[in-house]
Amino acid sequence: MKRTPIVAGNWKMNLLGSDVVAYAEALAAAGPPETDVDIVLFPTPVYLAAAARAMLEWASVGAQDVHAEEKGAYTGDVAAAQARDAGAAWALAGHSERRQYHGESNVEVARKAERTLGVGLTPVVCVGETLEQRQQGETEAILDAQLAPVLAVLDAADGDTEGGAVLAYEPVWAIGTGLSASPEIAAAVHSHLRRALNDYRSGLGDAARILYGGSVNADNCVDLLGRPDIDGFLIGGASLDPASFLRIIRLCAGSGSGPAP
Ligand code: PEP
């Protein structure tokens, strides 16, 4: 099964409205979009609608986070249905910065992913260990614990959503540090995650796209994507500049991953 690579940019709390427009213009000026890569951008929520309008056929957009509840008195939060209404097609769930700064538990992440799926968005579920957990030899146990409550959601996403089941392995020690996981480390974890998905339901792992995130740039993306279980990237810092994001997209184009049909 061939899996179309995803190259996704997480802008976090960066860029202004004028930057979003300039970014879209830079992508458009680069020519027609790559057709064999799914390109996704995660702007801050206030610019979601503007980004969805501006990116046109170049990229789809997603929410960086949605609330686990359908709607209500949750000042400052965004409902999944609102994100969809604003033009999102995807939503991150469980980014490590949400887990770390907002205390999101594995169960809450799963509830958010479920809510995302419920309104027709494709959840991108993020998992990853801290440096201390890796040094203690706990990586697989931590990932398994993060994965357990979302397995049913990923299973439902496979088939129910346009994006299918999408998981992002983002070692916390590699995010924003300039210290990317080596292709060997990333490949070993991705293979573990794919096996866990296949153990849950045969074929789920083969279909799922598992992204790597953590200091990805134009210099390391080719080696990482060359590994059979790495299906693309979730990129923070290097996605803020359209030229650097485009370089990564171009390098990833034409490299559909997974065993040949
Ligand atoms: C991220 O925030 O998801 C991320 C991977 O950031 P960076 O690429 O900057 O490490």
Side-chain angles (χ1 to χ4, degrees), residues 5-15 19 23 37-45 47-48 51 59-66 83 88 90-104 109 112-113 116 121-131 133-134 139 142-143 146-147 150 163 166-183 185-187 189-190 193 209-225 227 229-252:
I6 297 176
V7 178
N10 175 13
W11 290 348
K12 310 190 184 190
M13 201 173 69
N14 294 296
L15 306 184
D19 301 319
Y23 200 109
V37 183
D38 286 345
I39 304 164
V40 187
L41 286 166
F42 293 94
T44 41
Y47 299 126
L48 198 46
S60 53
V61 300
Q64 295 178 10
D65 176 57
V66 296
W90 311 75
L92 298 179
H95 189 281
S96 68
E97 287 150 18
R98 298 293 313 176
R99 293 179 189 264
Q100 185 180 353
Y101 304 131
H102 298 266
E104 291 184 8
V109 169
K112 289 183 175 212
T116 294
L121 303 178
T122 303
V124 177
V125 178
C126 305
V127 295
E129 81 288 0
T130 63
L131 184 58
Q133 289 162 340
R134 171 160 284 274
T139 299
I142 291 295
L143 295 173
Q146 292 174 338
L147 203 50
V150 291
V166 185
L167 197 56
Y169 168 55
E170 297 212 302
V172 179
W173 46 271
I175 295 181
T177 59
L179 196 73
S180 175
S182 67
I185 287 180
V189 171
H190 281 232
L193 293 170
R209 289 183 286 180
I210 307 180
L211 315 184
Y212 168 76
S215 299
V216 171
N217 56 45
D219 296 330
N220 58 23
C221 67
V222 172
D223 272 358
L224 286 159
L225 198 64
R227 304 293 164 140
D229 286 313
I230 300 181
D231 303 316
F233 303 111
L234 181 55
I235 305 165
S239 74
L240 293 177
D241 168 29
S244 104
F245 191 57
L246 260 169
R247 248 192 320 277
I248 297 171
I249 292 168
R250 299 290 197 220
L251 287 166
C252 293

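Positions are given from 1, in the same order as the sequence printed here. Every number for a ligand or one of its atoms is a count from 1 in the order of the listing.
Listed by number with element, the atoms of ligand 1 under 4.0 angstrom from any heavy atom of Asn10 are 2 (O), 3 (O). Ligand 1 places these atoms under 4.0 Å from at least one heavy atom of Gly176: 7 (P), 9 (O), 10 (O). Listed by number with element, the atoms of ligand 1 under 4.0 Å from a non-hydrogen atom of Gly214 are 5 (C), 10 (O).
The shortest N or O to N or O distance between His95 and ligand 1 is under 3.5 Å. The shortest N or O to N or O distance between Ala238 and ligand 1 is not under 3.5 Å.
With hydrogens left out, the protein atom closest to atom 3 (O) of ligand 1 is Glu170 OE2, 2.7 Å, a heavy atom. Scanning the protein for heavy atoms near atom 8 (O) of ligand 1, the closest one is Gly236 N, 2.8 Å. Looking from atom 9 (O) of ligand 1 to the surrounding protein, the closest heavy atom is Gly237 N, 2.8 Å.
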- Message: Evaluate Trp11 against Tyr23 for ring-ring contact (aromatic ring centres under 6.0 Å, His included), listing each step before the verdict.
- Response: CA-CA 12 Å; Trp11 290 348; Tyr23 200 109; 4.7 Å; yes
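Expressed to the nearest 0.5 Å, how far CD1 of Ile210 lies from CD1 of Ile230 amounts to 9.5 Å.
The backbone N or O of Asn220 lies less than 3.5 Å from a partner atom in the side chain of Asn217, making a donor-acceptor pair.
In plain terms, the two heavy atoms of Val216 and Ile248 that are nearest each other are O-CD1, 4.4 Å. Closest non-hydrogen pair, Cys221 versus Phe233, comes out as O-CZ, 3.3 Å.
Look at Ala174 and you'll find a heavy atom under 4.0 Å from some atom of ligand 1.
Classified by interplanar angle (parallel below 30°, tilted 30° to 60°, perpendicular above 60°), the ring pair Tyr169/His190 is perpendicular.
The salt bridge (charged side-chain N to carboxylate O under 4.0 Å, His left out) analysis of residues 209-220, with sequence neighbours excluded, yields the pairs Asp38-Arg209.
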